[in-house]
Peer 1: 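Quick one: this structure, given as structure tokens, is what I'll be asking you about.
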Amino acid sequence: MTLDLISVYALWSAIALYAIAFVAFAFDLARRSAEVAAAADEAAEKAAAAERAAAGEPVAVKALASATVGSAGAGKARPGRPAGGTLTLEEDHSGTVTASRSISLRIGVALSILGFLLHLTAVVTRGVAAGRVPWANMYEFAMTGTAVIVAVFLIILTRVDLRFLGAFIMGLIVILLGLSSLNFYIEVAPLPPALQSAWLVIHVFVATTGTGFFFLGFALTALQLIQARREAAGTALSAKRFRFMATLPSSQRLDNLSYRVNIIGFILWTFTLIAGAIWAEAAWGRYWGWDVKEVWTFIIWVVYAGYIHARATRGWRGNRAAWLSMIGAVTVLFNFTIVNLFFKGLHAYSGL
Amino acid sequence: MQALTRPSDYVDASSPQGEPDAPINAPKLGFVGALRFAWRQLTSMRTALLLLLLLAIAAVPGSLVPQRSSDPNGVIQYFRDNPDLAPVLDKIQMFDVYSSAWFSAIYLLLFVSLIGCIIPRTKHHYQAMRQRPPRTPARLNRLAVHREQNLSGGSTGEAITAARDLLKKSGYRTEIYTGKDGVASVSAERGYLRETGNLLFHSALVLVLVAVGFGGGFGYAGQKVVVEGQTFVNSLVDFNSFNPGRFVDTESLPPYSLKLDKFDVEYETKNINAYGQAIDYTAHVTSRDVDGDTEKHQIKVNQPLRIDGTNVYLLGNGYAPKVTVRDPEGNVVFTDSIPFLPMDTNLTSQGVIKIPDGLAKQIGMIGFFYPTAVEQTSGAFASNYPDLIYPTLSLNVYSGDLGINDGVPKSVYSLDTDKMTEIAGRTIGKKEGGTAPLKLMPGQTQNLPDGLGTITFENVNPHPKKDDYAGSVARFASMDIHRDPTQVWVGIFAGLILLGLLTSLFIPRRRVWVKATEGADGTVLMEYAGLARGEDPGLREAVDNIAERHIRALGAVPDEAREGNVEA
């Protein structure tokens with residue numbers, strides 16, 4: 001079996017594991033929804049009881065705000081519904097439920113780690129088979145880029161509990177990786193002279209890593225927007241859709257997290273731009289020439305710069321800035337897919 | 001203080017939130033007032049943001065429509081394909097987006113707004129760096145991060161001195177205050193570098209723009225196609241095309257010459273999936289300076305030659321078949337190596353040969369060169385390998401008026417056949433008695449139609465071998481010669497951009513206060529509070545850390561750090 005073939009097998013095994021991890025993470029979200037529903041019922045019952053006790057006196061929701069309903073192990077108000085959640089209501093009336101420990105969540109993380117190890121094997125064997133860095137055509141960009149996304153996700157997990165993002169991340173990874181493996185696969189080929197440069201190692205890897213951070217920022221921002229809607233709606237625990245959101249951090253916290261992830265992406269992207277310019281000077285005789293890929297790299301940079309400024313502008317902080325981050329993510333995806341495949345320019349290295 | 005020097009709509013943790021926007025019923029403004037109003041609008045965050053987003057949007061069309069700067073042939077093709085739409089787009093500068101009036105307007109406004117922001121902020125920052133940390137707020141427990149601990153005894157004065165020393169050691173600037181109630185406290189601030197980085201980042205952006213502008217004025221770029229064995233002289237007349245900046249003295253280009261001794265190409269032959277893919281291009285050149293000193297160099301795709309303040313880049317290459325045309329008496333009327341432009345990866349190449357004088361009629365030829373020719377079922381040729389295995393030159397010959405006598409410059413790569421007749425070619429070859437395209441291999445000679453003379457495809461290998469065509473056709477290299485005096489500066493400023501960005505995003509700016517209040521029972525209440533100025537996820541941790549170290553330094557045991565160490 002050739003190394004390249006080992007790489008292909010490892011990659012498909014990784015995709016399979018990621019898919020199972022996705023199911024586990026999705027199962028966890030469903031479980032969260034159930035817990036929130038149970039907690040909501042319990043809260044409603046308590047409120048009703050309080051109302052009865054107060055004999056017709058109006059019961060402000062605030063009364064609930066200070067009341068921590070039940071402790072761990074409570075929430076068995078309705079039989080048949082497993083619930084281990086602790087309910088607290090914050091001042092903004094958005095319900096939050098602390099999710100209980102979950103086996104499916106752990107399975108999801110464990111499978112993600114296993115999948116990542118296989119994924120890494122695929123990347124490394126491809127690189128060894130090619131005798132160079134494994135990011136010189138679109139198949140390899142996609143393979144390495146998604147590996148970086150998973151790596152960044154797993155590393156962040158050791159510092160901040162973002163496991164709730166698992167379903168989102170793994171779902172998108174499976175789609176991206178599956179589509180690229182099916183459509184972009186090409187045999188190992190040597191580097192054309194234009195790519196024979198140390199900058200291939202640096203520029204492309206940093207760009208890929210930056211894309212990974214933007215991708216995570218996108219996932220967090222999407223959740224932030226959903227959370228903000230839920231918070232704005234007020235009595236959220238009884239909401240029919242996205243019940244699990246009640247177990248997730250507040251939109252403010254998600255906003256802060258996505259900002260932190262996005263600024264790292266932005267710094268890496270700035271470096272990508274500068275490194276790309278230095279390389280372009282040596283390879284193409286000018287450091288900047290508005291080649292289509294340069295244009296889109298610039299657009300992405302400006303959009304995220306806009307996002308960072310928006311977060312410091314009154315009236316833009318919050319949802320509006322978040323939408324800019326979403327637009328930024330779309331431009332990143334556009335740059336990777338449409339620009340690579342359909343636009344004519346100097347960065348014609350898709351290998352397709 | 002913040003409100004005056006920062007844009008009025010800047011979100012800052014220390015400035016009151018929800019400040020009303022500019023009142024709608026503003027009093028009547030005079031001319032100066034109106035200017036001031038316009039200036040404040042331009043330098044507001046909202047305007048800067050809007051201009052940023054506008055800049056991103058304005059950059060998009062340049063990637064959808066070919067640009068003259070990066071893809072001039074694409075523009076010509078676009079005009080051909082969309083004869084109705086193209087002139088309209090051209091009117092609104094869609095083929096020169098990045099030098100267009102509207103794109104320039106956006107970025108110039110953005111930079112004016114930026115400068116309008118940088119200057120007052122620099123002034124303010126300079127003052128802030130010389131100021132003492134601000135007075136301690138009366139009620140520290142109102143701040144976002146606050147913790148307190150009762151100590152069983154000790155002197156408040158000592159506690160405060162210890163706190164000041166600790167904060168100083170941690171990089172804070174400190175000041176001891178005594179409140180109206182006589183309570184002593186330390187006020188400390190750190191992270192001034194954050195704002196320094198911010199200003200550096202934005203100033204460096206301006207500097208990059210300035211440097212790029214200067215570079216455009218004082219630099220030049222020229223293109224030259226050099227065939228193996230030929231010499232290029234760095235002077236205006238020798239370039240194929242030349243684009244000087246506005247302030248370039250084209251008479252005083254650095255006088256050196258480059259001879260292309262040899263052009264080596266290496267092809268992949270081991271990997272069957274990439275068989276024939278070029279894996280290395282090397283141009284071996286000899287430079288000669290004004291004193292006649294020569295030096296040998298190599299130029300590769302990622303390895304330009306830096307010589308005499310100019311950079312020589314290898315941007316393309318191909319074959320340059322050498323052709324000799326003789327009249328019926330055998331006199332040479334034309335002999336030259338003609339660069340043929342590659343059309344695919346197997347170097348099927350196209351070129352034009354023009355013979356204006358010496359024959360009975362003007363002759364023009366459109367030639368196709370196949371380094372390894374294979375005949376397709378359609379009868380047409382194609383090349384299936386880029387090296388010289390079975391080199392074949394196929395020529396369509398036209399006679400008539402080349403259209404060059406009226407002095408209008410014509411591209412050497414195209415032939416205008418409007419006033420010419422095909423005398424050999426695929427169209428006429430199909431007719432009764434017509435001549436098919438002339439087919440030649442290196443070393444072969446054929447008669448031109450109509451008894452005009454002969455044409456020879458020269459084998460340039462000095463020791464030609466039978467059935468081995470290696471080296472039989474010369475290669476050409478297309479070189480770009482640039483001079484950009486500000487390139488290094490752009491690089492330095494770009495480095496400053498990155499440096500400024502890193503410091504402005506990762507160095508937290510925070511204020512920390514430590515207050516010691518003596519209780520009636522002799523206990524001392526220590527209060528620690530922190531305020532973030534800008535994004536600062538580590539504030540609580542920092543305050544906890546200071547508090548714990550301080551309490552330990554006083555010989556007490558710190559309380560457990562409280563739960564919820566995450567910011568809201």
Peer 1: Where does B:Ile279 contact chain A at under 4.5 Å (heavy atoms): side chain, backbone, both or neither?
Peer 2: both
Peer 1: Which value, rounded to the nearest 0.5 Å, describes the distance between B:Asn302 atom CG and A:Gln196 atom CD?
Peer 2: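 Between B:Asn302 CG and A:Gln196 CD, I get 8.0 Å after rounding to 0.5 Å.
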Peer 1: Which label fits A:Trp301 and B:Phe201: parallel for a plane angle under 30°, tilted from 30 to 60°, or perpendicular past 60°?
Peer 2: tilted
Peer 1: When rounded to the nearest 0.5 angstrom, what is the spacing between CD in A:Glu187 and CG in B:Asn271?
Peer 2: 8.0 Å
Peer 1: So, the side chain of B:Gln277 versus the backbone of A:Ala189: is there a donor-acceptor pair under 3.5 Å, distance only?
Peer 2: no
Peer 1: Taking the side chain from B:His482 and the backbone from A:Gly285, do they hold a donor-acceptor pair closer than 3.5 Å?
Peer 2: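 Yes; at least one donor-acceptor contact below 3.5 Å.
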Peer 1: What part of A:Phe271 is in contact with chain B, defined as an atom under 4.5 angstrom from a non-hydrogen atom: side chain, backbone, both or neither?
Peer 2: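 The answer is both parts of A:Phe271.
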Peer 1: So, for B:Phe103 and A:Trp290, is the gap between ring centers shorter than 6.0 Å?
Peer 2: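 Judged by ring-centre distance (under 6.0 Å), B:Phe103 and A:Trp290 do meet the cut-off.
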Peer 1: Name, in order of residue number, those residues of residues 125-134 of chain A that have a heavy atom at a distance of less than 4.5 Å from a heavy atom in chain B; otherwise write 'none'.
Peer 2: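 Expected list: none.
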Peer 1: For B:Phe506 and A:Ile264, run side-chain contact (heavy atoms from CB on, under 4.5 Å): C-alpha distance rounded to whole Å, both residues' side-chain angles, the deciding distance at 0.1 Å, then the answer.
Peer 2: CA-CA 10 Å; B:Phe506 286 139; A:Ile264 296 173; 4.1 Å; yes
Peer 1: If a pair satisfies side chain to side chain donor-acceptor pair (under 3.5 Å) and one of its residues is in residues 326-338 of chain A, list it, with sequence neighbours excluded.
Peer 2: none
Peer 1: Is B:Ile497 close to chain A through its backbone or its side chain, or both, or neither, when contacts mean heavy atoms under 4.5 Å?
Peer 2: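 Answer is side chain: those atoms of B:Ile497 sit under 4.5 Å from chain A.
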Peer 1: Side chain from CB out, backbone as N, CA, C, O: work out which of these in A:Phe342 comes under 4.5 Å of a heavy atom of chain B, or both, or neither.
Peer 2: neither
Peer 1: Flag the one option from A:Tyr259, A:Tyr307, A:Trp284, A:Trp288 with the top tally of heavy-atom pairs under 4.5 Å to chain B.
Peer 2: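 So the answer, after comparing A:Tyr259, A:Tyr307, A:Trp284, A:Trp288, is A:Tyr259.
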Peer 1: Is there any salt bridge (charged side-chain N to carboxylate O under 4.0 Å, His left out) pair reaching into residues 57-71 of chain B, and which pairs are they, with sequence neighbours excluded?
Peer 2: A:Lys344-B:Asp71, B:Arg68-B:Asp90, B:Arg68-B:Asp96
Peer 1: Heavy-atom pairs under 4.5 Å with chain A: which of B:Leu314, B:Asp480, B:Val60, B:Ile481 has the most?
Peer 2: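 Top option by heavy-atom pairs under 4.5 Å: B:Val60.
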Peer 1: Sort out for me which of A:Ile308, A:Leu191, A:Val303 touches chain B most, counting heavy-atom pairs under 4.5 Å.
Peer 2: A:Leu191
Peer 1: Which residues pass the side chain to side chain contact (heavy atoms under 4.5 Å, CB included) test with A:Phe343, sequence neighbours left out?
Peer 2: A:Val292, A:Trp296, A:Phe334, A:Ile338, A:Val339, B:Ser63, B:Leu64
Peer 1: Any chance you could measure B:Leu55, atom CG, to A:Phe298, atom CZ, to the nearest 0.5 Å?
Peer 2: 4.0 Å
Peer 1: Under 4.5 Å from any heavy atom of chain B, what part of A:Leu195 do you find: side chain, backbone, both or neither?
Peer 2: backbone
Peer 1: With rounding to the nearest 0.5 angstrom, report the CG to CZ distance, B:Leu505 to A:Arg260.
Peer 2: 12.5 Å
Peer 1: What is the distance from atom CG of B:Asn273 to atom CD1 of A:Ile186, rounded to the nearest 0.5 Å?
Peer 2: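 Atom-to-atom, B:Asn273:CG and A:Ile186:CD1 are 9.5 Å apart.
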